[in-house]
Amino acid sequence: MSAELERRFGPYGGRYVPETLIPTLDELERGWIELREDPSFLDELHGLLRDYAGRPTPLYEAKRLSERVGNRILLKREDLMHTGAHKLNNALGQVLIARRLGKTRIIAETGAGQHGVATATACALFGIECVVYMGAEDIRRQRPNVERMGLLGATVESVEIGARTLKEAVSAAIRDWVASSETTHYVLGSAVGPAPFPVIVRDLQRVIGDEARAQVLDRWGKLPDRVIACVGGGSNAIGTFTPFLEDTDVEIVGVEAAGEGLESGRHGAPLSTGARGILHGSYSAVLQTEEGQILEAHSVSAGLDYPGSGPQLAELRDTGRVRFEAVGDDAAVSAFKEFSQLEGIIPALEPAHAIAWLLENPGAGGSLDLLTLSGRGDKDLAEVLGRG
Amino acid sequence: MAERIAAAFNGHGKRAALMPYLMGGYPDLESSVAIGEACAAAGADLVELGIPFSDPLADGPVIHAAATAALDAGATVEGVLGVCARLSASIPVVLMVYANVVLVDGAKRFAGRAAAAGADGLIVPDLPVDEAEELRAACDRAGIALVPLVAPNTTPERITEIGAVARGFVYTVSVAGTTGERRGVPPELADTVGRVRGGTALPVAVGFGVSTPEHARAVGGIADGVIVGTRLVRAAGEGGAEKVGEVVASLAESLR
């Protein structure tokens, strides 16, 4: 790896933050340049991922779903990881980074609660103070994860501003960090934010794609025809896609949340519809007004309910390497139910969007499709059952 | 234009220049004009006029809430530039705006609009010097000063880098954190301002957490300018232009 980290992906990325955070971001960047090649750090991280988190996760051939779609569909089972989602890959890595940098307090934001639970878990493991910012609306719809964070010893701070979802939770965490960064590390949970976060989160999540690529080559002797993942901020997507970017015969599809429909304006699909703008410290695809005011996103899935996306994904959209599609609330909920009965796996609402897209888009038929099942759906039962 | 900022820092006749902050369009555009005029009449030397933004990362809850209220009341960039045009007839105006609002317009076009509205300077709190080159060039061409910020933890090398491209004055943030009223002036402020002076010949103004006449007097003994924001936005919410005028008068008095 090079001695520098990307701060830009084409025109996207950058560090649009108050000056107070610049020394902290510099420190974090220098830290990651060293640590990502430091054998003792990597041994510790890989040991924890294996023995504590349960990696490698299986690559499972979903036979009944395959039959239904007419393709051979392989699921990367991040739902089987400890805490039930891919988020722990990043949280463990960043808490280890924080320890190496001498930080004694951790803050995080969370939408669906999965990143909050993962961060609270990693902090409990090391006995570090943990504060998780979460929108009041998300606290309502993801109650089980709020209870889990409490049990793990984290403090959940309810954010009562705006639509009271993920966007405001990130803002609240950044405001905390502006005042506390000398002692505190901000474990940002998605591949968004000011540099170096998009790179750190990608590097820590690419284990998903690295494992899957090796598993599919090992068992099926070839690369998949299509690789599919859901996209909110984009951490499971960029983690899945990264090892396949150079495999030009592999089609890559990111599935965003169309919410109540792209025309309704109530959705979470900035890559499909958004203009270029700055949100939470980086320049990327953002839902905004003509005057640059950030719009509220909407999705039945709290993890996709965010008006921005990662800067590297925005570049991959522009270059055409990754195609972005959007799936609405109703189709996602329907796929959530159908998939549960087809495979005996209750998926999180986030990857249910990717499953819904696959159900509707079998392609020419007979293709080998890899889909990242980024998390399990226990947290979503109340939301789904409440819709009747 | 930029010369009016220099004149304001030279000719105030007090311990330091006084720069109140007001949120454009809060509680509405007409009231903003009245609040700005009250500041000028009560002894302010410049005003900092905020353009409301939905997600102001450098601001604490009071200014964030005022921005939300201004947007809910229909404030637009054009509307706040209208406030700027009316105030700039009587007092130098420095606009405070977040990067995305500038960027969607384009740096060149935004700088041109600000200059046409009589703005003398521009502060963009989430646009560090490394990201500001295009806007700085546009502001230079338009004849307005792009004022940079320095924080207490900014390294000496970076202060030099910032000082080299600073225009108008250097906005020094008194503490690590967002805007908001605080109990006292941090003891290390004199050191911070001293380091900033090492990197620039321009005036050094201090903001964030400066809320009482006692704070203003203490900061005025250290820096060339005193910026008061949250205390005055709160006053605007509580008692409009009249109340803001009273508070500004007491701040100005403390600097005499």
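Bear in mind that the values here come from a model prediction, so they are computed numbers and not experimental data. Note that these values count all heavy atoms, side chains included, but never hydrogens, waters or copies made by symmetry. Here is the naming used below: chain letters follow the sequence lines, and residue numbers restart at 1 for every chain.
- Using a 4.5 Å cut-off between heavy atoms, A:Ile161 contacts chain B through its side chain alone, with no backbone atom that close.
- Heavy-atom distances place the side chain of B:Asp130, and not its backbone, under 4.5 Å from chain A.
- Proximity to chain B is limited to the side chain of A:Ile174, based on heavy atoms less than 4.5 angstrom apart.
- Neither the backbone nor the side chain of B:Asp105 comes within contact range of chain A; no heavy atoms are under 4.5 Å apart.
- Using a 4.5 Å heavy-atom threshold, the side chains of A:Glu19 and B:Val173 count as separate.
- Residues B:Ala151 and A:Thr20 share a closest heavy-atom pair of CB-OG1, 3.4 Å.
- Of the two parts of B:Pro56, the backbone and the side chain both hold a non-hydrogen atom closer than 4.5 Å to a non-hydrogen atom of chain A.
- Surrounding CD of B:Glu238 are more than 12 heavy atoms belonging to other residues, nucleotides or ligands, all under 6.0 Å away.
- Put simply, the side chain of B:Asn100 gets close to the backbone of A:Ile278: a donor and an acceptor are under 3.5 Å apart.
- For A:Glu34, the CD atom counts as loosely surrounded, since its 6.0 Å shell holds 12 or fewer non-hydrogen atoms of other residues, nucleotides or ligands.
- The nearest pair of heavy atoms linking A:Arg175 to B:Leu57 is CG-O, 3.6 Å.
- Only the backbone of B:Val150 comes within less than 4.5 Å of a heavy atom in chain A; its side chain stays farther off.
- Remark: side-chain polar atoms of A:Glu291 are not paired, donor with acceptor, to backbone N or O of B:Phe53 under 3.5 angstrom.
- Only the backbone of B:Pro125 has a heavy atom closer than 4.5 Å to any heavy atom of chain A.
- Note on B:Glu131 versus A:Arg7: no salt bridge recorded, every NZ/NE/NH1/NH2 to OD/OE distance being 4.0 Å or above.
- Between chain A and the options B:Leu127, B:Thr68, B:Thr76, the largest number of non-hydrogen pairs under 4.5 Å is found for B:Thr76.
- When all heavy atoms of A:Val17 and B:Pro128 are compared, the closest pair comes out as O-CG, 3.4 Å.
- Per-residue heavy-atom pair counts under 4.5 Å with chain A were compared for B:Thr155, B:Thr178, B:Val77, B:Leu149, and the maximum is reached by B:Val77.
- With chain A as the partner, the residue from B:Thr154, B:Val101, B:Asp55 showing the most heavy-atom pairs under 4.5 Å is B:Asp55.
- Counting heavy-atom pairs closer than 4.5 Å to chain B, the top residue among A:Arg276, A:Gln288, A:Glu182, A:His280 is A:Gln288.
- Between the side chain of B:Ser54 and the main chain of A:Ile294, a donor-acceptor pair closer than 3.5 Å is present.
- For CD of B:Glu133, the number of neighbouring non-hydrogen atoms (other residues, nucleotides, ligands) closer than 6.0 Å is 12 at most.
- Side-chain contact between A:Tyr283 and B:Leu103 is present, with heavy atoms from C-beta onward closer than 4.5 Å.
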